[in-house]
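Below is one structure, written out as structure tokens; comments come after it.
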Protein chains: 2
Amino acid sequence: MGYQLELRHFTYFLAVAEELHFRKAAERLFISQPGLSRQIKQMEEIIGAELFIRNKRNVSLTVAGEYLKNEIAYIFNHIDFTVKQTALIDKGSEGEIRIGFLGSAIQTVIPELLVKVDKENPKIQFSLEEMSNYDQVKAIVSDQLDFGFVRLARVPDGVCIKAVQTDTFSLVLPKDHQLDEYNFKNVAQVSSEHFVLFSSDYSSIYYDKIMSICEDQGFTPIVSHKSVHAQTIFKLVESGLGVAIVPTSLQYGFDLNVKFLEIPNIPQRAELSVIWKEDNRNPALEKVRRFL
Amino acid sequence: MGYQLELRHFTYFLAVAEELHFRKAAERLFISQPGLSRQIKQMEEIIGAELFIRNKRNVSLTVAGEYLKNEIAYIFNHIDFTVKQTALIDKGSEGEIRIGFLGSAIQTVIPELLVKVDKENPKIQFSLEEMSNYDQVKAIVSDQLDFGFVRLARVPDGVCIKAVQTDTFSLVLPKDHQLDEYNFKNVAQVSSEHFVLFSSDYSSIYYDKIMSICEDQGFTPIVSHKSVHAQTIFKLVESGLGVAIVPTSLQYGFDLNVKFLEIPNIPQRAELSVIWKEDNRNPALEKVRRFL
DNA sequence: TCTAATTGATAACCCATAGTTATTAATTAT
DNA sequence: ATAATTAATAACTATGGGTTATCAATTAGA
């Protein structure tokens with residue numbers, strides 16, 4: 001009775017929810033098992049819900065517990081960020097913006113954005129991390145990221161999306177390939193060659209678009225290799241292991257022995273979008289969003 | 001030092017931030033002023049930021065403190081909501097019910113059920129997915145599904161089953177077929193025609209029953225096509241690729257050029273059953289089961 | 001079928017620390 | 001000056017989080 005929920009309870013709950021084992025969770029928390037059991041029991045009484053099902057041999061989460069687990073993970077992330085942000089503000093910085101991006105966005109869009117924001121808000125700090133579409137969405141939702149640069153058509157509820165760059169596609173060939181800017185007409189000319197593509201789990205819309213470019217020309221590409229990094233793809237092309245189709249803007253910033261031939265007369269475009277969470281509480285976010 | 005932030009600190013901080021007066025805030029919190037002062041000081045040390053400016057006569061928030069005040073108010077709201085939501089889910093008046101179904105159940109049974117449950121528990125959400133009998137049983141057992149609408153005679157141990165609808169069978173013919181409600185007597189009249197049936201792996205009991213209807217009339221149907229979707233079967237019949245035998249209730253909800261003739265004087269019935277797992281822990285399940 | 005090992009829950013004790021009272025130092029009002 | 005405020009300090013108290021010891025229930029192995 002009369003007890004109060006504390007972050008301690010949340011910490012303990014998360015440990016048990018992850019281990020699904022009281023003794024192991026207690027070990028991880030450097031406390032004794034009975035102490036942990038009692039805290040969890042107290043927590044269940046305070047909340048008024050059964051969080052775990054213990055049947056002497058197995059521990060599992062109830063539906064309510066499953067829900068709480070996700071929420072607490074979010075709450076901890078948010079508190080962590082808030083505390084750090086408070087310390088930063090205290091020291092005169094105006095906070096930190098955490099940005100995730102697909103490798104293909106770092107060439108042009110992000111540097112431009114950073115320069116613009118920095119000019120007007122020199123005290124905002126940035127952290128940049130290359131991540132897949134999927135990981136970025138997850139990180140945005142759980143408040144571990146403020147902005148993501150992705151190639152996606154749809155995002156979950158509560159996440160905003162805005163296209164920031166539309167790019168044509170180019171065919172990437174080894175430097176000594178017989179096709180050049182004069183005799184290149186369409187991709188059907190390489191229909192018999194092997195293709196090196198971005199992995200579909202890295203960016204599925206990307207993968208699908210490239211497949212549709214080929215299908216529109218009446219052939220299905222023979223895919224020999226897949227990779228998540230543009231650099232790797234170029235290396236493979238350079239080594240003669242296949243040809244590739246990538247957004248045209250990727251031709252800048254790499255120093256490789258391949259040639260880019262922009263594919264003419266096709267409707268497909270590589271669209272880069274920014275995503276962020278509608279109710280993100282980072283005060284620095286607004287300063288960045290104005291530039292998008 | 002090794003101290004840890006707790007919600008207590010947040011509560012105290014908010015009181016001081018609102019009162020801007022340590023003694024009054026302490027009074028409001030029913031604790032003594034020195035205790036409050038010490039907790040706030042500790043909090044500032046943990047976070048690593050000055051939150052208040054005290055100059056012996058006035059207390060005011062720093063910029064960092066101002067930021068933190070807003071965030072903490074939000075965090076408390078979010079925690080409050082989460083805790084209440086968790087209790088609600090535990091009691092079963094919220095949450096999600098995952099339902100799987102054979103295509104033939106979506107016409108009448110499921111909509112009726114959803115309306116009834118929604119009326120008494122508007123906060124329960126549903127997710128619906130069309131699946132084969134086999135996949136539903138698998139999903140129920142592995143706790144990925146709460147209810148399944150199947151046509152099965154037997155289910156594994158631990159899975160409950162209850163019939164919810166008994167239906168007669170109808171012969172499905174192209175609109176211009178010579179048989180009609182007046183001259184149709186029994187299925188032997190179409191014994192020489194080709195049949196379009198549900199795939200046996202989609203619902204084997206279904207398949208067997210249709211075979212037995214024919215066998216009772218002294219012939220074995222020539223099966224030309226099999227499909228898992230009623231829509232597809234009707235299309236095939238409409239195109240003259242065969243006749244079909246399906247549960248009578250399927251005649252509603254499709255807009256196709258076929259005619260249904262209920263088969264008279266046969267014992268076979270298409271039985272639709274609900275299945276669920278005996279020890280399913282989803283508390284919302286009980287609220288739905290009452291309507292079955 | 002018995003024993004050994006492992007699980008989480010209970011009970012009783014201990015001690016860290018939140019909260020206490022008493023006091024001080026600094027400021028303002030009279 | 002003096003009285004009346006303020007928040008901070010110091011020393012003490014006691015709540016309750018964490019401890020050890022043990023139990024009851026279950027499973028694995030002999």
Side-chain angles (χ1 to χ4, degrees), chain A residues 1-62 64-66 68-69 72, chain B residues 1-62 64-65 68-69 72 76 90 158 279 281:
Chain A
M1 303 299 264
Y3 286 90
Q4 190 81 33
L5 263 193
E6 285 296 347
L7 292 181
R8 176 186 61 252
H9 292 112
F10 290 174
T11 309
Y12 292 0
F13 169 80
L14 264 197
V16 179
E18 280 165 17
E19 300 283 347
L20 291 178
H21 198 289
F22 277 73
R23 189 182 52 73
K24 284 182 193 161
E27 238 166 57
R28 180 170 128 183
L29 294 164
F30 302 108
I31 63 167
S32 68
Q33 173 264 312
L36 177 59
S37 284
R38 202 168 53 161
Q39 288 295 309
I40 295 289
K41 193 183 171 190
Q42 195 185 73
M43 183 176 176
E44 290 181 316
E45 276 163 15
I46 297 171
I47 294 182
E50 196 187 12
L51 302 175
F52 294 102
I53 301 157
R54 307 85 144 156
N55 56 1
K56 221 55 177 180
R57 206 71 196 173
N58 288 305
V59 174
S60 59
L61 280 162
T62 62
E66 193 71 53
L68 190 62
K69 181 185 168 190
I72 286 183
Chain B
M1 348 273 121
Y3 286 91
Q4 190 80 34
L5 263 192
E6 285 296 348
L7 292 181
R8 178 184 62 252
H9 293 112
F10 290 174
T11 308
Y12 292 180
F13 169 81
L14 264 197
V16 178
E18 279 164 18
E19 300 284 348
L20 292 178
H21 197 288
F22 277 74
R23 189 183 50 73
K24 284 182 194 162
E27 239 166 57
R28 180 169 127 184
L29 294 164
F30 302 108
I31 63 168
S32 66
Q33 171 265 312
L36 177 59
S37 284
R38 203 169 54 160
Q39 288 295 309
I40 296 290
K41 192 183 171 188
Q42 196 185 71
M43 183 176 176
E44 290 181 316
E45 274 163 15
I46 297 170
I47 294 182
E50 195 186 13
L51 302 175
F52 295 103
I53 302 161
R54 305 87 142 159
N55 54 3
K56 222 55 176 180
R57 207 70 196 172
N58 289 305
V59 174
S60 60
L61 281 161
T62 61
L68 190 61
K69 180 186 169 189
I72 287 183
F76 271 129
D90 184 62
D279 61 348
R281 310 285 306 182

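Bear in mind that the values here come from a model prediction, so they are computed numbers and not experimental data. Reminder, nothing fancy here: chain letters follow the sequence lines and each chain counts from 1.
Distances shown here put a side-chain N or O of B/R23 below 4.0 Å from the OP1 or OP2 atom of D/dT6. Of the side-chain N and O atoms in B/Q33, none sit less than 4.0 angstrom from OP1 or OP2 of D/dT6. In this model, the phosphate group of D/dG17 is approached by a side-chain N or O of A/R8 to a distance below 4.0 Å at OP1 or OP2. Dashed line: the shortest gap from a side-chain N or O of A/S32 to OP1 or OP2 of D/dG18 is not under 4.0 Å. Checking the phosphate oxygens (OP1, OP2) of C/dT10, a side-chain nitrogen or oxygen of A/K41 falls inside 4.0 Å. B/Y3 has no side-chain polar atom (N or O) that falls below the 4.0 Å cut-off from OP1 or OP2 of C/dA16. For C/dA18, one of the phosphate oxygens OP1 or OP2 lies less than 4.0 angstrom from a side-chain nitrogen or oxygen of B/Q42. Side-chain nitrogen and oxygen atoms of A/S37 include none within less than 4.0 Å of the OP1 or OP2 phosphate oxygen of C/dG8.
For A/R28 and A/E18, the salt-bridge test passes: some basic side-chain N is under 4.0 Å from an acidic carboxylate O. Salt-bridge formation is detected for the pair A/R54/A/E44: a Lys NZ or Arg NE/NH1/NH2 atom is positioned less than 4.0 Å from an Asp or Glu carboxylate oxygen.
Atom CD in A/Q4 sits about 11 Å away from atom P in D/dG17, given to the nearest Å. For B/E19 and D/dT6, the CD to C1' distance is 15 Å, given to the nearest whole Å. Protein atom CG of A/L29 is 9 Å distant from nucleotide atom P of D/dG18, rounded to whole Å. Note: CD (B/E6) to P (D/dG16) measures 14 Å, nearest angstrom. Following rounding to the nearest Å, A/E45 (CD) and D/dG16 (P) show an atom-to-atom distance of 14 Å. The separation between B/L5 atom CG and C/dA18 atom P is 12 Å, rounded to whole Å. As a whole-Å value, the separation of A/I31 CD1 from C/dC14 P is 20 Å. Rounded to whole angstrom, the span from the CD atom of B/E44 across to the C1' atom of D/dA7 amounts to 12 Å.
Across all strands, A/R38 comes closer than 4.0 Å to base atoms (heavy-atom distances). Within 4.0 Å (heavy atoms only), B/F52 reaches no atom of the nucleic acid at all.
Between A/F52 and A/F13, the ring planes lie tilted relative to each other; the angle falls in the 30° to 60° range.
Side chain of A/V59, nearest nucleotide from C/dT20, C/dG8, C/dA18: C/dG8. For B/F22, counting side-chain heavy atoms from C-beta on, the closest listed nucleotide (D/dA7, D/dA21, D/dG18) is D/dA7.
Between B/Y3 and B/E45 there is no side-chain heavy-atom pair separated by less than 4.5 Å.
The two residues B/L36 and B/A26 come nearest to each other via the heavy atoms CD2-N, 3.5 Å.
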